[in-house]
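Everything below concerns the one structure shown next.
Both backbone and side-chain heavy atoms feed into the values below; hydrogens, waters and symmetry mates do not. Numbers here simply count residues along the sequence, with the first being 1.
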Amino acid sequence: MRVVSLDKMTGDERREIDQELERLLSHTLFRHSRRLPAFLQFVVHESLAHGEAAPLKERTLGVEVFGRKPDYDTNADPIVRVTATELRKKLAQYYYTDGRDDGIHIELPSGTYLPLYRRPAEAVVVVEPPALEVATVQETAAAEEAMASAHAAVEEQTQATLEAKSSSKLWRVVACALVLLLVAALAGYIPLLKRNQPTQVGAFWAAFLGSSDSAIIVMPVIRHVPAPDSPERPSDVSVAPNLSIEDTTIAARVAGRLERENLKYWLASSSEISFSELRTGPAIFIGALDNAWTLRLTKDLPFHFEESPDGRTGRIVAKDGKTQWAVDITTPHQRIAKDYGIVAKFHSPLSGEPSVIIAGISSQGTQAAGELLTSPQAFKGALRDLKNAENFEAIVETEAVDGKAGPPHVIAFKTW
């Protein structure tokens, strides 16, 4: 397998890589993102300029691509690693579909930020994604046709046997054999038909996107971790000191649920997404006190998030102001015993587009809210009566242990 060598690359090969880069940057998988095109363009240009010696270290990329300070904490701010992971996924998706016949493939091998360039015949084969939980229409049709054919074969053979054979013993042998064939066919295809039954949570997401091409998943901002003697308010250190594993996990579960329903999406940070971009289609907002868009979009809903003036308490407040659910957000993350979150689906008067909120006062509340909208069992148990409501908002309560949310419970909801 020959890789196009960076240090022995011809002028024609460089031009071919530049053209492939332009194709990637103009593709829908990349052009809706701010981070991915900038990251991809930088690492490709650096590799072409410096070859194997290209200075593509995490800190260098953080400074040059994302404008971080030279001494920034790469452990607290994983933007380079998160972007590289997302880029690898998008490249694999592109070369499995629209880009499979491109003249040259650009890859970003795991464990490095130095791109690799291969010819299509020599490119690593991208394994087809695992089969979806929901069977396709063609598979269902095939199952029904197979069962119909088996049933018709039984009838035809039965009639022919009755007319041609008078021996009851022979008929019993033939009939039993055909019944066994039919049972085998049904045993093979009934599970397929059961899988084809759409889940309620799948129907929810399909209805949410409607005829839209894709949805935006809006992530919380990535915050820095202040020094112990920092004068910043308590909320700046207690609420998502960085892009937490919990928030990332919920976003991944939402993305996985959309993919199961063959729905498209793209990721954006709440600090980077613009109002004009939010007006292009449905959006899903992860997190509350660390996501300015969540706070803005929920302020006129029946329930909304707010933070106490001293920054010590996060609250969900009913519109009448009389009912509140509160958490001391100065408590260390893993010691919070009970948290609350909001799950909402509504047509935002601000953006004019469908919106979904998955957010908690702290990350445990976000975990619980995310489970409701990604787990078929949790959705069926708590939100089955709300899935067809044009607009709804629910308050979720969860008990937490060591930073992990327990089962979600809906304790209040409104529809309109």
Side-chain angles (χ1 to χ4, degrees), residues 21 25 30-90 108-115 216-252 266-275 277 285-296 307 311 329-330 332-333 362-363 366:
L21 177 61
L25 296 178
F30 300 90
R31 69 168 180 258
H32 291 305
S33 170
R34 292 185 179 184
R35 290 186 288 115
L36 292 182
F39 188 95
L40 177 60
Q41 201 164 18
F42 184 85
V43 297
V44 168
H45 287 169
E46 286 295 298
S47 69
L48 295 180
H50 302 285
E52 298 286 345
L56 295 174
K57 303 297 184 182
E58 179 178 1
R59 185 175 301 279
T60 303
L61 292 168
V63 173
E64 297 295 334
V65 179
F66 302 111
R68 299 304 192 256
K69 295 180 179 180
D71 60 346
Y72 88 103
D73 187 347
T74 57
N75 291 322
D77 187 347
I79 189 167
V80 174
R81 299 191 298 277
V82 170
T83 305
T85 300
E86 181 66 14
L87 178 59
R88 292 183 183 107
K89 177 180 177 181
K90 294 298 184 183
L108 189 67
S110 180
T112 180
Y113 302 117
L114 186 68
I216 311 169
I217 300 177
V218 182
M219 299 290 294
V221 297
I222 299 175
R223 300 190 183 195
H224 70 285
V225 180
D229 57 351
S230 171
E232 296 184 48
R233 295 187 305 155
S235 63
D236 291 324
V237 297
S238 61
V239 181
N242 51 56
L243 186 59
S244 70
I245 294 297
E246 291 83 2
D247 291 337
T248 306
T249 300
I250 291 304
W266 55 284
L267 295 166
S269 167
S270 61
S271 61
E272 295 178 351
I273 194 75
S274 67
F275 180 57
E277 287 173 317
F285 300 87
I286 309 293
L289 301 182
D290 47 5
N291 190 327
W293 284 111
T294 298
L295 297 177
R296 187 170 180 180
E307 189 174 347
I329 56 178
T330 65
H333 169 73
S362 69
S363 63
T366 303

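Atom CG in Leu48 sits 8.5 Å away from atom CG in Leu21 (nearest 0.5 Å). One finds the CD atom of Glu86 at 5.0 Å from the CG atom of Leu267 (value rounded to the nearest 0.5 Å). The CD1 atom of Ile217 sits 8.0 Å away from atom CE of Met219, with the distance rounded to the nearest 0.5 Å. Note that CG of Leu61 is 7.0 Å distant from OH of Tyr113, once rounded to the nearest 0.5 Å. To the nearest 0.5 Å, the span separating CZ on Arg34 from OG on Ser274 amounts to 5.0 Å. Annotation: the span from Ser33 atom OG to Ile216 atom CD1 amounts to 11.0 Å, rounded to 0.5 Å.
Side chain of Thr85 to backbone of Arg81: a donor-acceptor contact under 3.5 angstrom is found.
Enclosure of atom CZ in Arg296 is not indicated, since only 12 or fewer non-hydrogen atoms of other residues, nucleotides or ligands lie within 6.0 angstrom. Atom NZ of Lys57 has 12 or fewer heavy atoms from other residues, nucleotides or ligands within 6.0 Å.
Pairing each heavy atom of Glu58 with each of Tyr72, the nearest pair is O-OH, 3.7 Å. Considering every non-hydrogen atom in both Arg88 and Thr112, the closest pair reads NH2-O, 2.9 Å. Among all heavy-atom pairs drawn from Leu25 and Arg31, the shortest one is O-CB, 3.5 Å. Taking both residues in full, the closest heavy atoms of Ala54 and Glu46 are given as CB-O, 3.6 Å, listed atom of the first, atom of the second, then distance. The minimum heavy-atom distance linking His32 with Trp266 is given by the pair O-CZ3, 2.5 Å. Taking each heavy atom of Pro70 and Val63 in turn, the nearest pair found is CA-CG2, 3.7 Å.
With Ser270 as reference, Asn291 is the one residue of Asn291, Asp290, Ile286, Thr294 to meet the side chain to side chain contact (heavy atoms under 4.5 Å, CB included) rule.
By the side-chain contact (heavy atoms from CB on, under 4.5 Å) test, Thr83 is found to be paired with Arg35, Leu36, Phe39, Phe66, Ile79, residues two or more places apart in sequence or in another chain being considered.
Contact of the Lys90 side chain with the Leu40 side chain is not registered, since no non-hydrogen atoms from C-beta on lie closer than 4.5 Å. Contact of the Leu295 side chain with the Leu289 side chain is registered, since non-hydrogen atoms from C-beta on lie closer than 4.5 Å.
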_What verdict does the side chain to side chain contact (heavy atoms under 4.5 Å, CB included) test give for Glu307 and Ile329, after you've listed the backbone C-alpha separation in whole Å, the side-chain angles of each residue and the deciding distance to 0.1 Å?_
CA-CA 9 Å; Glu307 189 174 347; Ile329 56 178; 4.0 Å; yes
